[in-house]
Amino acid sequence: MERHPVIVAGFGYRGTTTPEALTEALRLAAGTRPVDAIATPADKAETPAFQSFARALSLPLRRVPAQALEAAETLTQSSISLSARGTGSVAEASALASLAPGARLLAPRVISTDRSATCALAEGDPL
């Protein structure tokens, strides 16, 4: 079976984020580029703001295990993300870890205006 590359939008966010901030981060990262799925750390995927955001998009949600985040090589190196999650960017790591090995980031993560949400796009083969 032939696999076609997909684009996943990975997200990192503070507990105070809103669906609007997540939507803005996605818009800043993707522009008009279509996204096939969204991803975030498994332990954060059930927060009310993220669930509301995910439902509005009607895209597949990929819940990324913590150990997969730590293994991803990110372009951004945030000391806060390194301390809290063991990765330089939760958004970048979530996008990469939700795809098969060999996935690549399309650009470094972007930050919502209120600084509560980040988003990064990765492209690669589905898991």
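- Electrostatic pairing of Arg62 and Asp36 does not count as a salt bridge here, judged by no charged N lying under 4.0 Å from a carboxylate O.
- How far CZ of Arg14 is from NZ of Lys44: 9.5 Å, rounded to the nearest 0.5 Å.
- Taking a 6.0 Å sphere around CG of Leu75, one finds it holds more than 12 heavy atoms contributed by other residues, nucleotides or ligands.
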>> Evaluate Val90 against Thr118 for side-chain contact (heavy atoms from CB on, under 4.5 Å), listing each step before the verdict.
In response: CA-CA 8 Å; Val90 173; Thr118 60; 5.5 Å; no
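- Closest of all the heavy-atom pairs between Val64 and Ser98 is CG2-CB, 4.2 Å.
- In the hydrophobic clustering of ILVMFWY residues, with side-chain heavy atoms under 4.5 Å counting as a link, Leu59 and Leu99 come out apart.
- Within the model, atoms CG of Leu96 and CG of Leu121 stand 10.5 Å from one another, a figure rounded to the nearest 0.5 Å.
- Between Leu69 atom CG and Ser94 atom OG the span is 5.0 Å, to the nearest 0.5 Å.
- Here the CG-OG1 distance, from Asp114 to Thr18, works out to 6.0 Å after rounding to the nearest 0.5 Å.
- Atom CZ of Arg115 is surrounded by 12 or fewer heavy atoms from other residues, nucleotides or ligands within 6.0 Å.
- Between the side chain of Gln51 and the backbone N or O of Ala45, at least one donor-acceptor pair lies under 3.5 Å.
- Here Leu105 contributes atom CG and Thr76 contributes atom OG1; the two are 8.0 Å apart, rounded to the nearest 0.5 Å.
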>> Please determine whether side-chain contact (heavy atoms from CB on, under 4.5 Å) holds for the pair Leu26 and Leu57, giving the CA-CA distance in whole Å, both sets of side-chain angles, and the decisive distance to 0.1 Å.
In response: CA-CA 11 Å; Leu26 176 59; Leu57 290 177; 4.0 Å; yes
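- If you chain together hydrophobic residues whose side chains sit under 4.5 Å apart, Val35 and Phe50 fall into the same group.
- In terms of modelled atom types and a separation under 3.5 Å, the side chain of Ser83 and the main chain of Ile80 share no donor-acceptor contact.
- In plain terms, the two heavy atoms of Ala95 and Val8 that are nearest each other are CB-O, 3.7 Å.
- Judged by distance alone, with hydrogens and angles left aside, the side-chain atoms of Thr40 form a donor-acceptor pair with the main-chain N or O of Phe11 at under 3.5 Å.
- Atoms CD1 and OG, from Ile111 and Ser116 in turn, are 10.5 Å apart once rounded to the nearest 0.5 Å.
- Enclosure of atom CD in Gln77 by more than 12 non-hydrogen atoms of other residues, nucleotides or ligands within 6.0 angstrom is indicated.
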